[in-house]
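Each remark here refers to the structure printed beneath this line.
All values derive from a computational prediction rather than experimental measurement.
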Amino acid sequence: MTRRVSIFGATGSIGANTLDLIGRDRDAYDVVALTGGRNVDQLARDARTFGAEVAVTAYDACYGALKEALSGTGIDAAAGEAALLEAADRPADWTMSAIVGAAGLPPGLKALEQGGTLALANKESLVTAGPLLMQTAKAHGADVLPVDSEHSAVFQALRGEDIDTVERVIITASGGAFREWPIEKLKTATCAEASSHPNWDMGQRITIDSASMFNKALELIETKEFFGISPDKIEAVVHPESLIHALVGYCDGGLIAHVGPPDMRHAIGFALAYPKRRPLPVERLDLTKVGKFTFHIPDPERYPALTLAREVMETGGLAGAVFNAAKEAALDAFIAGNIGFTQMADIVAEVIEIMSGESLGNAAITLESVREADQMARARANQVIDRK
Ligand code: NDP
């Protein structure tokens, strides 16, 4: 029987890897919705290749180009936030959530209401609204499967185990583009330099977030929200080889590690085949060639984002939404060349400080409250950026 699948963020790095896997087993899937942003040519090409029912661009301004590119194909073209929600409402058994940023939350929540499987690459959904996402899944009998490589690794190391016997969860970090740079030089790092990852081939925003370790900061929060593990049991270590993605330590002192090549098709393919395992076209590691695995503690001066993540986890509530929005605004400003690399963490810290009086920790988490906190934090971040 074919499975109905939809991919939100189909034109991005995760989206392309997902389509690569689906393309290798075409008869097993019916593609329902593919969505993208500005890359309309790619979206139309994918929609034609995979015979999608509907293709949606997030931007109204791109609608004309998409409609034109799909004319005569019978594939529906649509644009805007409401169209993304309508696409998420089309019956699908499996949905990939791979839009980048907080914009991924509403379609992910809508897809969960169908009670199918949500493969979650969009970590921002958990960071901004973890309890809402997990409760929505529970209320509708839907499954959420992690696609972030570290969280897929934790998920696999936890399979068949009792969560109450977990003593610690260790997620690994490559250390990003600047792990060898002298700290004083980080101030001068350019966007092009930050956009090149030593091990992984990913979208630009997550690559820059890896260099600053804002990505790891989001992942610490994601670990807390997804697995319900208390922050004091979650650690990040630098592992430059990026071959061990995470380890789970149990009360008997044993550690179960997940080891694999740095290829997102493993985590995506695991979520696609779950609960079974199927062969995947990823490299098989030769451990005798790998030789050794190294680890070290991340330097808090080099990676201040990790300290901020601890604060956010302690506060809880809407602190994640504020943190993520301030980070997204700071990242936009860095990419636009308006601020320096190290200023991103300064700006996020300042926004958290400014908004700490807003009772973030006690606030109810609804789509509306998350949106409000997000908008407020972006506005504050932009004020701080303008003063820099
Ligand atoms: P990309 O930047 O490569 O792709 C992002 C996708 O989202 C594109 O399809 C883009 O469209 C679309 N998009 C951008 N802005 C919006 C918006 N405002 N509304 C709707 N759609 C939008 O990102 P990645 O694939 O790298 O990452 C996607 C998610 O997965 C992120 O949350 C990231 O943190 C997470 N992730 C990524 C990993 C990776 O290996 N890349 C690893 C683990 C997690 P277009 O390009 O057409 O403008």
Side-chain angles (χ1 to χ4, degrees), residues 1-36 43 46-56 58 73-78 82-99 103-123 125-126 129 132-149 151-152 155-156 159 226 264-282:
M1 213 177 81
T2 54
R3 285 169 86 196
R4 290 172 59 84
V5 300
S6 288
I7 304 173
F8 288 77
T11 51
S13 160
I14 291 285
N17 278 313
T18 309
L19 286 172
D20 173 79
L21 293 178
I22 286 173
R24 290 164 191 267
D25 198 6
R26 277 293 303 278
D27 293 344
Y29 303 100
D30 282 330
V31 174
V32 180
L34 295 181
T35 85
L43 180 60
D46 289 338
R48 283 169 178 265
T49 305
F50 289 89
E53 286 176 13
V54 61
V56 185
T73 62
I75 300 168
D76 293 341
L84 284 173
L85 293 179
E86 189 277 328
D89 209 20
R90 292 197 180 208
D93 305 304
W94 190 93
T95 301
M96 167 56 78
S97 166
I99 288 174
L105 175 64
L109 284 173
K110 179 54 80 183
L112 284 173
E113 289 176 12
Q114 294 188 33
T117 297
L118 186 71
L120 192 68
N122 178 265
K123 59 191 84 189
S125 294
L126 280 169
L132 175 63
L133 193 93
M134 299 313 271
Q135 280 156 20
T136 305
K138 199 169 167 198
H140 296 276
D143 287 323
V144 186
L145 296 173
V147 169
D148 227 339
S149 59
H151 304 79
S152 175
F155 187 87
Q156 294 179 54
R159 258 179 134 183
F226 191 94
M264 283 310 296
R265 290 177 305 174
H266 171 77
I268 297 166
F270 177 83
L272 204 47
Y274 185 81
K276 296 189 175 143
R277 282 194 189 265
R278 299 234 169 83
L280 289 172
V282 302

Worksheet item: Going by heavy atoms in the side chains, are T117 and D93 under 4.5 Å from each other?
Response: no
Discussion item. To check you understand the geometry: which heavy-atom pair defines the closest contact between D27 and T2, and what is its length?
Written reply: O-CG2, 2.9 Å
Worksheet item: Is the side chain of R4 donor-acceptor paired with the backbone N or O of V32 at a distance under 3.5 Å, no angle test?
Response: no
Discussion item. Taking D89's backbone N and O only, do any of them form a donor-acceptor pair with E113's side chain (distance below 3.5 Å, no angle check)?
Written reply: no
Fill in: Contact summary for S152 and P146, nearest pair of heavy atoms
CB-O, 3.7 Å
Worksheet item: Looking only at heavy atoms, what is the nearest atom pair of L133 and S125, with distance?
Response: CD1-CB, 4.1 Å
Worksheet item: Of all heavy-atom pairs between F226 and M134, which one has the smallest distance, and what is that distance?
Response: O-CE, 3.7 Å
Worksheet item: Which residue pairs pass the salt bridge (Lys or Arg N to Asp or Glu O under 4.0 Å) test when at least one of the two sits in residues 139-148, sequence neighbours left out?
Response: K123-D148
Item to complete: Please examine the side chains of H266 and S149, heavy atoms only from C-beta on, and report whether any two atoms are closer than 4.5 Å.
Response: no
Fill in: Student check: side-chain heavy atoms of M96 and L272 closer than 4.5 Å
no
Worksheet item: What distance separates D30 CG from R3 CZ, expressed to the nearest 0.5 Å?
Response: 11.5 Å
Worksheet item: How would you list, by chain and number, every residue that makes a side chain to side chain contact (heavy atoms under 4.5 Å, CB included) with T95, sequence neighbours excluded?
Response: S6, F8, A92, A111, L118
Discussion item. Is any side-chain heavy atom of L85 closer than 4.5 Å to one of P106?
Written reply: yes
Worksheet entry | Where L43 and T35 come nearest, the two heavy atoms and their spacing | CD1-C, 3.8 Å
Fill in: Nearest atoms (heavy-atom pairs only) where L280 meets R265
CD1-O, 3.7 Å
Discussion item. Is there a side-chain contact between E86 and D76 in this structure, where contact means two heavy atoms from C-beta onward sitting under 4.5 Å apart?
Written reply: no
Discussion item. Nearest 0.5 Å, please: how far is CG in L19 from OG1 in T49?
Written reply: 8.5 Å
Discussion item. Is any side-chain heavy atom of I7 closer than 4.5 Å to one of I22?
Written reply: yes
Worksheet item: Counting N and O atoms only, with roles assigned by atom type, does the side chain of Q156 sit under 3.5 Å from a partner on the main chain of A267, one being a donor and the other an acceptor?
Response: no
Fill in: Positive for side chain to side chain contact (heavy atoms under 4.5 Å, CB included) with M264, one of T18, V282, N17
N17
Response to the item:
When rounded to the nearest 0.5 Å, the distance separating CH2 of W94 from CG of L145 is 8.5 Å
Discussion item. Are the side chains of R48 and T73 in contact, using a 4.5 Å heavy-atom criterion?
Written reply: yes
Practice prompt. I would like to know whether L120 and V147 meet side-chain contact (heavy atoms from CB on, under 4.5 Å); could you show each step before the answer?
Written response: CA-CA 5 Å; L120 192 68; V147 169; 5.6 Å; no
Item to complete: Working to the nearest 0.5 Å, report the span between CD of Q135 and CG of L112.
Response: 12.0 Å
Fill in: Spacing of T11 atom OG1 and L34 atom CG [to the nearest 0.5 Å]
9.5 Å
Worksheet item: Quick one: CG on L126 to NE2 on H151, what's the gap to the nearest 0.5 Å?
Response: 8.0 Å
Practice prompt. Please examine the side chains of R24 and P279, heavy atoms only from C-beta on, and report whether any two atoms are closer than 4.5 Å.
Written response: no
